[in-house]
Chemist: 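Got a structure here, written out as structure tokens. Questions coming.
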Amino acid sequence: QVQLVESGGGSAHAGDSLRLSCATSGSAFDLYIMGWFRQAPGKEREFVAGISGLYGDIKYADSVKDRFTISRDNAKNTANLQMNSLKPDDTAVYFCAAGAGALVRTDESDFSSWGHGIQVTVSS
């Protein structure tokens, strides 16, 4: 397993941008699929975006497609989520996750390591 620590959250207004980062420790980072999930108050945790290590596979939830961009830097063992055109509905605790596999999957059970989460609050 890897240890994951999120950073970059905070408060924003609708239309603003925020960038989340996920720092990891452990070996073989480039073999992991990295994902971002989020959980809004009173709702279940949901998949936001994922990126594979070796095959260039990227997936987004429909709700964030064309607004959010996931990336990774295998040399720095980090994964990032650039969030543009933020909406109040994007308010949630965002979690970084890592899992094994070749192609991105969107179910929580496919990710074995999780960060503690970071709050993102978007006001109108």
Side-chain angles (χ1 to χ4, degrees):
Q1 288 192 341
V2 295
Q3 285 72 51
L4 310 173
V5 179
E6 303 95 339
S7 62
S11 298
H13 291 100
D16 285 352
S17 299
L18 284 175
R19 182 179 177 86
L20 303 182
S21 292
C22 177
T24 72
S25 61
S27 60
F29 173 78
D30 56 343
L31 298 181
Y32 284 94
I33 294 172
M34 298 302 298
W36 288 95
F37 288 74
R38 67 185 182 186
Q39 187 168 20
K43 295 186 177 181
E44 294 186 352
R45 189 156 56 182
E46 63 176 1
F47 173 82
V48 175
I51 183 169
S52 67
L54 300 177
Y55 296 91
D57 186 37
I58 294 177
K59 286 187 173 66
Y60 295 99
D62 288 342
S63 58
V64 306
K65 203 171 293 183
D66 298 327
R67 298 189 298 123
F68 289 11
T69 302
I70 190 170
S71 62
R72 64 188 295 154
D73 186 334
N74 288 343
K76 296 182 178 179
N77 288 6
T78 59
N80 303 295
L81 185 69
Q82 178 67 40
M83 306 186 294
N84 297 332
S85 302
L86 284 164
K87 304 176 180 179
D89 284 349
D90 295 320
T91 295
V93 176
Y94 283 72
F95 297 87
C96 178
L103 300 178
V104 175
R105 298 178 183 177
T106 61
D107 195 272
E108 285 188 41
S109 62
D110 294 311
F111 294 83
S112 55
S113 299
W114 292 83
H116 292 297
I118 192 165
Q119 179 69 46
V120 171
T121 303
V122 183
S123 58
S124 57

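We number each residue from 1, following the sequence as shown. Basis for what follows: all heavy atoms, side chains included, without hydrogens, waters or symmetry-related copies.
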Chemist: A cation-pi test, strictly: NZ or CZ of R72 under 6.0 Å from the centre of the six-membered ring of F29 and no more than 45 degrees from its axis. Yes or no?
Modeler: yes
Chemist: Measure the SG-CD distance between C22 and E6 for me, rounded to the nearest 0.5 Å.
Modeler: 5.5 Å
Chemist: Out of curiosity, F68 CZ to S63 OG, how far, rounded to the nearest 0.5 Å?
Modeler: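 If I round to the nearest 0.5 Å, the distance is 7.5 Å.
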Chemist: Are any non-hydrogen side-chain atoms of R67 and Y60 less than 4.5 angstrom apart?
Modeler: no
Chemist: With the side chain counted from C-beta on, respond yes when M83 and L81 share a heavy-atom pair under 4.5 Å apart, and no when they do not.
Modeler: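 Yes; the side chains approach each other to less than 4.5 Å.
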Chemist: I need the Q119 CD to T91 OG1 distance, nearest 0.5 Å.
Modeler: 7.0 Å
Chemist: Atom OG of S25 and atom CD of Q3: how far apart are they, to the nearest 0.5 Å?
Modeler: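 The CD atom of Q3 is 4.0 Å from OG of S25, to the nearest 0.5 Å.
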Chemist: Which residue pairs pass the side-chain hydrogen bond (donor to acceptor under 3.5 Å, both in side chains) test when at least one of the two sits in residues 94-107, sequence neighbours left out?
Modeler: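 Sorted result for residues 94-107: R38-Y94, D107-S109.
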Chemist: To the nearest 0.5 Å, tell me how far M34 CE sits from S52 OG.
Modeler: 12.0 Å
Chemist: If you take all heavy atoms of I118 and L20, which pair is closest and at what distance?
Modeler: CG2-CD2, 4.2 Å
Chemist: Have Q82 and N80 got a donor and an acceptor in their side chains that come within less than 3.5 Å?
Modeler: no
Chemist: Quick one: closest heavy-atom pair of G99 and F111, and the distance?
Modeler: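 Residues G99 and F111, closest heavy atoms: N-CD2, 3.7 Å.
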Chemist: Do you know the tightest heavy-atom contact between L4 and S113?
Modeler: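 Minimum heavy-atom separation between L4 and S113: CD1-O, 3.4 Å.
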Chemist: Do W36 and V64 come close enough that some side-chain heavy atom pair is under 4.5 Å?
Modeler: no
Chemist: Start with the C-alpha distance between F47 and V104, add both sets of side-chain angles, then the distance that settles side chain to side chain contact (heavy atoms under 4.5 Å, CB included), and finish with yes or no.
Modeler: CA-CA 11 Å; F47 173 82; V104 175; 4.1 Å; yes
Chemist: Partners of D62 by salt bridge (charged side-chain N to carboxylate O under 4.0 Å, His left out), sequence neighbours excluded?
Modeler: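 Scan of D62 (salt bridge (charged side-chain N to carboxylate O under 4.0 Å, His left out), adjacent residues dropped) gives K65.
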Chemist: Are the side chains of T24 and Y32 in contact, using a 4.5 Å heavy-atom criterion?
Modeler: no
Chemist: Can you find a heavy atom in the side chain of F95 that is under 4.5 Å from one in the side chain of E108?
Modeler: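 With C-beta onward as the side chain, the pair stays apart.
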Chemist: Looking at residues at least two apart in the chain, or sitting in another chain, which of them share a salt bridge (charged side-chain N to carboxylate O under 4.0 Å, His left out) with D57?
Modeler: K59
Chemist: With clusters defined by side-chain heavy atoms of hydrophobic residues (ILVMFWY) lying less than 4.5 Å apart, directly or transitively, does V48 cluster with L86?
Modeler: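 Yes, because L86 and V48 connect within a single hydrophobic cluster, where side-chain heavy atoms sit under 4.5 Å apart.
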Chemist: Same hydrophobic cluster for F37 and V93, using side-chain heavy-atom links shorter than 4.5 Å among ILVMFWY?
Modeler: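 Yes, same cluster.
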Chemist: I need the I58 CD1 to L103 CG distance, nearest 0.5 Å.
Modeler: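 One gets 12.0 Å once the value is rounded to the nearest 0.5 Å.
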Chemist: Which heavy atom of S124 sits nearest to which heavy atom of P88, and what is that distance?
Modeler: CB-CG, 3.9 Å
